[in-house]
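One structure is given below, encoded as structure tokens.
All values reported here derive from a predicted model rather than from experimental measurement.
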There are 2 protein chains.
Amino acid sequence: MKQPKPRITHQREVILEELRAVTSHPTADELYDQIRQRLPRISLATVYRNLEWLTDQGLVQKIEVGGRQKRFDGNPEKHYHIRCLNCGKVDDIELAPIQTLETSVEGQCGYRILGHRLEFQGLCPACVHAEQ
Amino acid sequence: MKQPKPRITHQREVILEELRAVTSHPTADELYDQIRQRLPRISLATVYRNLEWLTDQGLVQKIEVGGRQKRFDGNPEKHYHIRCLNCGKVDDIELAPIQTLETSVEGQCGYRILGHRLEFQGLCPACVHAEQ
DNA sequence: GCATATATTTATAATAAATATATATATTTT
DNA sequence: AAAATATATATATTTATTATAAATATATGC
């Protein structure tokens, strides 16, 4: 029942570096494309596995915004996101997490509240511009 | 360029009825299982297609909570949800939509804000109980 | 520095959810 | 009733992700 001792592999380091290097919130395969420029023989499964691992370690976060694919964020701090309904772009929102939201529903439905997720939706500057 | 005239088919009616009959927020295949008790020969693709259509019509809503599968809600009114992190159950939250959330981020990032989604996470009563 | 144990990678296959396609069937229009 | 068109069914395909097995790389003790 003992935990396997994790190893610092080159792939693992590069995946974390590359995710931290971007302010976008890439999907696993977007990041895979980016990483292959440094490690051409890396496997997509390795990217998935390590993103999962890095998330468990609290070094990055997996964000489940709308759309099919999950996205990853090199910033592990809690914060909100906004997603463009037209092109899928995801940006950070400068708004401190609102703890009172959770207290306002506490006890309401018998759930033990553990967190919340707030996602804004709209049109990004580029898509607003293109719309005119 | 004329719009096709939609037809009220028996399948379409049954799908809407069955979704309205439950307070859970079933996935397409959960609803498929339920509907097959009335229409044993219905196809899963028909369920998907009509749920999409009913959503477009504003008669039901598709909710993308965490987890892989999309869920459907027979109540088309805007409202928030809470999801059990353990068993995946989704319940309604009695909290009126907070419009000020959107105004508080307006103009912040160049996005045209069109909406927001707030999802609470926690443990449902059954899972809280089972945990002891 | 070398040997050993084992965690991790790679490549590929498997899975699951959703969608597309090809026909069959049903409904409406003429 | 015939033609046109919408919808359903059954099945195949696509897409995203995860699991598996063999090969490789890493940490640790000598």
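- Phosphate contact (OP1/OP2 of D:dT18, side-chain N/O of A:R49, threshold under 4.0 Å): absent.
- Phosphate proximity of C:dA5 to A:K5: absent, as no side-chain N or O sits under 4.0 Å from OP1 or OP2.
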CA sep, side-chain torsions, deciding dist, call: A:T103, A:E106, side chain to side chain contact (heavy atoms under 4.5 Å, CB included): CA-CA 5 Å; A:T103 53; A:E106 205 131 68; 4.3 Å; yes

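- B:F72 approaches B:I63 most closely through the heavy-atom pair N-CG1, 4.4 Å.
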Contact letters for nucleotides 16-26 of chain C, in which S counts primed atoms plus P, OP1 and OP2 and B counts the base, heavy atoms under 4.0 Å: SSSBB-----B

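- Side-chain contact, A:D92 with A:H25: a donor N or O sits under 3.5 Å from an acceptor N or O.
- Put simply, CG on A:L51 is 14 Å from C1' on D:dA16, counting in whole angstrom units.
- Contact check of residues 35-43 of chain B against DNA chain D (heavy atom, cut-off under 4.0 Å) returns B:R41, B:I42, B:S43.
- Nucleic acid contact class of B:R12 (heavy atoms, under 4.0 Å, all strands): sugar-phosphate only.
- Note that CH2 of B:W53 is 8.0 Å distant from OG1 of B:T9, once rounded to the nearest 0.5 Å.
- Residues B:R20 and B:L16 are in side-chain contact: their nearest non-hydrogen atoms beyond the backbone lie under 4.5 Å apart.
- The CG atom of B:L31 lies 10.5 Å from the OH atom of B:Y48; values are rounded to the nearest 0.5 Å.
- B:T9 comes within 4.0 angstrom of sugar-phosphate atoms only, judged by non-hydrogen atoms across all strands, and of no base.
- Neither side chain, B:Q37 nor B:Q34, offers a donor N or O lying under 3.5 Å from an acceptor on the other.
- Using bins of under 30°, 30° to 60° and over 60° for the plane-to-plane angle, the ring pair B:F120/A:H116 lands in the tilted bin.
- Look at OH on A:Y32: it is 14 Å from C1' on D:dT17, rounded to the nearest Å.
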